[in-house]
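Given the structure is predicted, the values throughout are model-derived calculations rather than measurements. When reading the values below, keep in mind they use all heavy atoms of this one structure, side chains included, and skip hydrogens, waters and symmetry mates.
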Amino acid sequence: MSEKKQPGVWDGFKAFLTRGNVVDLAVAVVIGTAFTNIVNSVVKGVINPMVGAFGTKALDNYSSCLKDPCTGTGDTATGIRIMWGSVLGSTLTFLITAAVVYFLMVLPMSKYLARMAARQKAKEGAQEMIEVSELEVLKEIRDALVAQRSAGHDETLVAQRDSRHSER
């Protein structure tokens with residue numbers, strides 16, 4: 001008896017890596033990471049200074065004291081601080097990222113897919129009309145042949161009847 005050899009772990013790993021969607025996912029992660037760095041730079045380099053121009057400090061430095069005394073920064077800080085400026089900066093980063101992804105990727109792709117679906121539907125509708133037209137033409141030809149055959153058959157019967165009457 002021959003036994004089927006089970007694929008090894010290495011073979012399974014190679015098959016996993018060579019699937020197309022894994023490579024696409026890896027590319028998406030790399031591009032997403034680079035894009036996140038750009039958005040973070042925009043928030044820290046443009047938005048934070050704009051907030052600082054209206055306020056007194058950069059966005060990441062805004063905080064509220066939950067439990068006094070709130071003094072010092074970093075490891076020497078005392079009290080309990082809520083760093084709402086960092087949360088606001090991260091929220092802005094998320095909103096900018098989401099807006100760019102939606103307006104530059106999702107919206108154009110959905111419009112493109114809708115146009116392709118409409119073209120495909122129109123193409124299928126035209127093909128269906130051609131098929132229906134061909135079917136109608138074939139039915140008309142059939143009906144004409146049947147009518148012609150029955151008319152020819154009737155004429156033959158009339159001729160035979162007339163010839164019988166003339167013989168009498």
Is there a path of hydrophobic side-chain contacts, each under 4.5 Å between heavy atoms, that joins I96 and F35? yes
T36: which of V39, T33, N40 passes side chain to side chain contact (heavy atoms under 4.5 Å, CB included):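 Result for side chain to side chain contact (heavy atoms under 4.5 Å, CB included) with T36: N40.
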Under 3.5 Å, which donor-acceptor pairs link side chains of residues 100-116 to any protein atom two or more places apart or in another chain?
from : atom 1 : to   : atom 2 : distance (Å)
S110 : OG     : V106 : O      : 3.2
S110 : OG     : L107 : O      : 2.9

Members besides F94 in its Ile/Leu/Val/Met/Phe/Trp/Tyr cluster (side-chain heavy atoms under 4.5 Å):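 Taking Ile, Leu, Val, Met, Phe, Trp and Tyr as members, F94 shares its hydrophobic cluster with L95.
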Hydrophobic clusters join Ile, Leu, Val, Met, Phe, Trp and Tyr when side-chain heavy atoms are under 4.5 Å apart, directly or via other members; which others share one with M83?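 Other cluster members: none.
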Stepwise side-chain contact (heavy atoms from CB on, under 4.5 Å) test for E140 and D143: CA-CA 5 Å; E140 289 175 11; D143 293 344; 5.7 Å; no
